[in-house]
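Data first, discussion second: the structure below is written as structure tokens.
Heavy atoms only: backbone and side chains are in, while hydrogens, waters and symmetry mates are out. In this chain, residues are counted from 1 in sequence order.
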Amino acid sequence: MLLFSIYCAGQTSMHTEISRIDLPKDYVLKNGNVKEIIVTRQVNPGQDFTYSEKINYTFPESAIVRLKRYKDSELESTREFSFDTLNRVLKNTVRFKHKALGWRTSKYETVYGEKTKDLKILNQDGTLNYTMRVILNEYSNPVEIRTLNINNQLTGLSTAEYDYKNNQFIYKVYREDGSIVLNKTDFFRKDFEIKRNDFGDLTEFYWPTSSSNIKYLVKYKYDKQGNWTILKKIQIDGKKKKITETKTRKIKYLKN
């Protein structure tokens, strides 16, 4: 059984882990105490396809976030999650609206080690269904993703072997019996971050798994507390510039 080919809320893959970009999180403030955050997001990923969404964040406790996500004004999903002191998501419950099946719920939690990340996919009653264990190398790049059943037995495996000098990695996916079902060489740029601003936010980067020289600029506006209120992502392809994403963030602060 190849669990890596099945995607649902909470699952991960080698390319997902490799391509994580450290852009600011919507629910994180650098300064101030928050009551509510409303994010409006407009996305233009390519061609003539565009969409917009609004996300409403509330904070019932200091380390718990609840959100409602609206796409084109219709409620699409709700989510509640907890996070640690590094703002990493821990326990997560997602309700999403499936076109044919109606509202569905998925639960998962993440346990972080020094060079591991265990993504535990849970049943509806909170018991463990299976675990996806991400193993990182000294550069914090993923080298293995193991799928483990409730008895900690290996049921799926994917690996990445990096050739940093030549900007590539060998990606392999194994069957449960150990045979290889996929073996391919993909591009990977280890030093994909280019610049950060005085606030520590990423302002210029390459897409990690793209061999093109397309760059992305990120422009911010900040409020008096030093928290971003506008984030604009711009794709630069030679002399061509295109805005691919714009986010505005309305922050309601708690009064002292």
Side-chain angles (χ1 to χ4, degrees), residues 1-23 25-28 53 55 57 60-61 63-69 71 75-137 140-160 169 171-182 186 208-209:
M1 179 174 60
L2 290 175
L3 295 174
F4 297 107
S5 63
I6 305 171
Y7 293 91
C8 71
Q11 286 195 333
T12 191
S13 69
M14 189 64 72
H15 284 79
T16 297
E17 295 296 328
I18 287 174
S19 300
R20 291 192 185 279
I21 308 294
D22 185 26
L23 290 173
K25 296 178 175 66
D26 292 352
Y27 60 90
V28 175
E53 62 181 15
I55 311 168
Y57 295 86
E61 298 180 30
I64 293 180
V65 179
R66 288 177 184 161
L67 69 85
K68 294 181 179 180
R69 184 186 302 271
K71 186 174 180 181
L75 182 61
E76 185 181 58
S77 64
T78 66
R79 182 181 173 196
E80 178 173 306
F81 62 91
S82 60
F83 57 92
D84 64 12
T85 56
L86 298 177
N87 297 313
R88 302 177 301 187
V89 174
L90 301 174
K91 294 185 178 181
N92 209 329
T93 300
V94 180
R95 293 182 70 248
F96 58 96
K97 193 174 184 179
H98 191 280
K99 288 183 178 180
L101 302 175
W103 285 94
R104 314 293 290 177
T105 301
S106 63
K107 298 180 180 182
Y108 55 98
E109 62 180 277
T110 309
V111 179
Y112 300 91
E114 185 176 353
K115 289 297 178 183
T116 60
K117 180 174 70 173
D118 281 6
L119 185 59
K120 297 180 179 292
I121 312 301
L122 307 179
N123 298 309
Q124 294 297 305
D125 62 0
T127 58
L128 180 65
N129 188 348
Y130 61 91
T131 300
M132 300 187 79
R133 177 168 296 160
V134 182
I135 299 175
L136 308 173
N137 65 11
S140 295
N141 297 134
V143 292
E144 285 188 6
I145 299 181
R146 303 173 184 175
T147 302
L148 307 168
N149 64 19
I150 58 174
N151 297 316
N152 211 36
Q153 296 170 326
L154 187 69
T155 61
L157 175 67
S158 65
T159 63
F169 71 100
Y171 174 52
K172 295 180 182 179
V173 178
Y174 296 82
R175 294 187 179 90
E176 194 170 347
D177 63 6
S179 60
I180 296 176
V181 68
L182 180 65
D186 283 339
T209 55

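Heavy-atom minimum distance, Ala160 versus Pro142: CB-O, 3.6 Å. Tyr112 and Val89 get closest at one heavy-atom pair: OH-O, 2.9 Å. Across all their heavy atoms, His98 and Leu101 have their closest contact at ND1-N, 3.1 Å.
When atom types are taken as modelled, the side chain of Asn151 and the backbone of Gln153 share no donor-acceptor pair closer than 3.5 angstrom. Listed for the Lys97 side chain is no donor-acceptor partner under 3.5 Å among the backbone atoms of Glu76. Judged by distance alone, the side chain of Asn123 and the main-chain N or O of Asp125 form no donor-acceptor pair under 3.5 Å. Under a 3.5 Å cut-off, the side chain of Thr155 and the backbone N or O of Thr147 do form a donor-acceptor pair. A donor-acceptor distance shorter than 3.5 angstrom exists from the side chain of Ser82 to the backbone of Lys91, with no hydrogens or angles considered. Side chain of Tyr27 to main chain of Asn87: a donor-acceptor pair is present (N/O by atom type, distance under 3.5 Å, no hydrogens or angles). Side chain of Ser179 to backbone of Arg175: no donor-acceptor contact under 3.5 angstrom is found.
Remark: Ile150 CD1 to Asn129 CG distance equals 8.0 Å, nearest 0.5 Å. With values rounded to the nearest 0.5 angstrom, Lys172 atom NZ is found 10.5 Å from Leu157 atom CG. A distance of 10.0 Å separates CZ in Phe169 from OG1 in Thr159, rounded to the nearest 0.5 Å. Taken to the nearest 0.5 Å, the NZ atom of Lys117 stands 10.0 Å off from the CE atom of Met132. To the nearest 0.5 Å, atom CZ of residue Phe83 and atom NZ of residue Lys25 are 10.5 Å apart. Annotation: the span from Trp103 atom CH2 to Thr78 atom OG1 amounts to 5.5 Å, rounded to 0.5 Å.
Between Leu148 and Leu154, the closest side-chain pair of non-hydrogen atoms falls below 4.5 Å. Side chains of Leu122 and Leu128 form a contact here, defined as non-hydrogen atoms less than 4.5 Å apart. Residues Phe81 and Leu67 meet the side-chain proximity criterion, which asks for heavy atoms closer than 4.5 Å. Between Val173 and Tyr171 there is a side-chain heavy-atom pair separated by less than 4.5 Å. Contact check for Glu17 versus Ile145: side-chain heavy atoms found under the 4.5 Å cut-off. In this structure, the side chains of Ser140 and Lys115 come closer than 4.5 Å at one or more pairs of heavy atoms. Arg20 has its side chain within reach of Thr12: a pair of non-hydrogen atoms, C-beta onward, lies under 4.5 Å apart. Between Asp26 and Tyr57 there is a side-chain heavy-atom pair separated by less than 4.5 Å.
At a threshold of 4.0 Å, the pair Glu80-Arg66 counts as salt-bridged, since one of the basic side-chain nitrogens sits closer than that to a carboxylate oxygen.
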Discussion item. With side-chain contact (heavy atoms from CB on, under 4.5 Å) as the criterion, how do Arg79 and Ile55 come out once you've worked through the C-alpha distance, each side chain's angles and the decisive distance to 0.1 Å?
Written reply: CA-CA 10 Å; Arg79 182 181 173 196; Ile55 311 168; over 6 Å; no
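Atom NZ of Lys68 has 12 or fewer heavy atoms from other residues, nucleotides or ligands within 6.0 Å.
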